[in-house]
There are 2 protein chains.
Amino acid sequence: MASEARTKAGGGRPEGGVPSDPVRDIAAAWERERPGTPVSSIGIVTSIWQLAKLFGDDRRRVLARAGVDTATLDLLSVLRRSGEPYTLSTREIGRRSMITAGAVSQRVARAEREGLVARHPAQGRPRTVEVTLTTTGHEVVEATVDQVLHRETELLDGLAPEKQAQLTDLLRTVLQDVQHRLGDDRLTHVGED
Amino acid sequence: MASEARTKAGGGRPEGGVPSDPVRDIAAAWERERPGTPVSSIGIVTSIWQLAKLFGDDRRRVLARAGVDTATLDLLSVLRRSGEPYTLSTREIGRRSMITAGAVSQRVARAEREGLVARHPAQGRPRTVEVTLTTTGHEVVEATVDQVLHRETELLDGLAPEKQAQLTDLLRTVLQDVQHRLGDDRLTHVGED
DNA sequence: ACTGCTACGTTTAGCTCTAAATTTAGACCT
DNA sequence: AGGTCTAAATTTAGAGCTAAACGTAGCAGT
């Protein structure tokens with residue numbers, strides 16, 4: 001029992017023996033405990049989940065030093081990237097950041113409180129609110145984005161460029177496929193607005 | 001402006017033209033707006049992030065129907081997988097689930113309130129608390145795990161088995177590498193205790 | 001034996017998210 | 001014109017998480 005990540009791989013001791021593989025151990029544990037458990041997705045889903053956690057935690061720490069939080073930087077980045085006049089509807093922000101309308105409202109409210117964005121009703125399109133980057137908000141993006149992206153490039157440095165390209169391709173394929181299967185609704189009305 | 005995801009790909013309309021690639025568009029937008037921005041990590045990090053979000057949201061919806069939340073199922077699963085006697089220290093739970101000690105305390109408290117786990121001081125090891133699956137907790141795992149894993153297998157069905165294997169391999173490599181670079185501290189004391 | 005030290009778990013404050021209820025203001029019928 | 005519908009944003013309730021402060025209890029050195 002409790003053989004997971006301990007049996008013979010040495011659980012991380014740097015002795016150069018058999019390389020440990022915690023994710024594979026999870027699938028093996030399910031099969032040992034419940035033969036027939038459908039484990040084939042674990043090697044992909046669990047790795048993705050753990051990588052997202054590692055990258056996310058790291059990004060939070062990097063940004064904390066600059067006094068920003070990840071949710072706010074995400075909002076500012078979406079606006080910055082959209083180009084002049086750095087303005088998007090809240091609806092569009094939600095779609096691009098993959099969060100609910102309520103989350104958009106709260107992100108915008110927080111950022112507005114700090115003077116990073118401004119809100120105003122859209123011309124011609126009723127019931128629509130547009131969000132614009134302020135000068136301060138623009139400055140915050142410029143001061144932090146490179147740091148974050150450069151840091152993440154470093155973290156991936158160990159993987160040969162060729163393999164990085166392979167991985168990028170595979171992930172793009174999976175992402176598109178999964179989006180389709182998850183009823184696509186959040187992505188069908190892209191080209192408009 | 002706002003050419004992101006709009007320029008010519010048609011933004012998801014199923015017309016069979018140039019396939020849209022929202023992640024690539026993000027890198028392109030940074031380069032257009034801020035030439036020199038280090039965008040090389042985006043194809044990997046952003047895809048991982050979005051996939052984690054899609055899988056996570058979907059899992060939450062699947063589990064909501066069964067009246068469980070993802071954090072609780074994660075706790076129960078770790079215990080279930082560890083095998084008889086379905087018991088782990090809170091420390092070990094935190095390490096395996098990649099969450100802080102405080103988060104473990106809260107997860108365990110919630111699950112204990114619902115009668116899914118029990119807490120008791122460890123024999124022989126002072127200051128250590130062990131958490132055990134109750135019969136009810138065991139039943140909840142059995143009733144839900146297959147559903148979740150099967151669903152995720154389905155979501156990945158579109159990718160040929162060969163490519164799934166390739167992806168699994170690449171992700172394992174990256175995961176190990178990134179963990180090393182992130183000072184490893186959370187993983188060095190694995191085999192012990 | 002006494003005094004810090006250290007390793008563990010818990011509690012607290014604050015942030016962020018989702019889902020659901022609520023508000024708001026054009027648009028459509030008759 | 002007046003009532004209903006609908007599409008948008010916002011607010012609210014509640015779940016989770018992290019970081020940091022706290023409590024606690026063996027242990028080591030003198």
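The sequence lines fix the lettering, A, B, ..., with proteins before strands; numbering per chain opens at 1. All values reported here derive from a predicted model rather than from experimental measurement.
- Regarding contacts with the backbone of C:dT6, every side-chain N or O of B:R127 stays at 4.0 angstrom or more from both OP1 and OP2.
- Classification of A:R34 and B:D146 as a salt-bridged pair holds, one side-chain N sitting under 4.0 Å from a carboxylate O.
- A:T90 comes within contact range of the sugar-phosphate backbone alone, with a heavy-atom separation under 4.0 Å but no base atom that close.
- At D:dC17, one or more side-chain N or O atoms of B:R110 fall inside 4.0 Å of OP1 or OP2 (strictly under the cut-off).
- With DNA chain D read from its 5' end, the first of the two nearest nucleotides for A:A109 and B:Q106 is the one closest to A:A109.
- Electrostatic pairing of B:R181 and B:D177 counts as a salt bridge here, judged by a charged N lying under 4.0 Å from a carboxylate O.
- Within 4.0 Å of A:A71, counting heavy atoms only, lie sugar-phosphate atoms of the nucleic acid but no base atom.
- Look at A:K53 and A:D57 and you find a salt bridge, because one of the NZ, NE, NH1 or NH2 atoms lies within 4.0 Å of a carboxylate O, short of that distance.
- For A:I99, the side-chain atoms get nearest to C:dT18 when compared with the rest of D:dC17, C:dG9, C:dT18.
- We find that CZ of A:R95 is positioned 14 Å from P of D:dA8, with the value rounded to whole Å.
- Among C:dA19, D:dT10, C:dT10, the nucleotide with an atom closest to any side-chain atom of B:R119 is C:dT10.
- B:D69 comes within contact range of the sugar-phosphate backbone alone, with a heavy-atom separation under 4.0 Å but no base atom that close.
- For the pair B:V108 and A:T100, both in contact range of DNA chain C, the more 5′-proximal nearest nucleotide belongs to B:V108.
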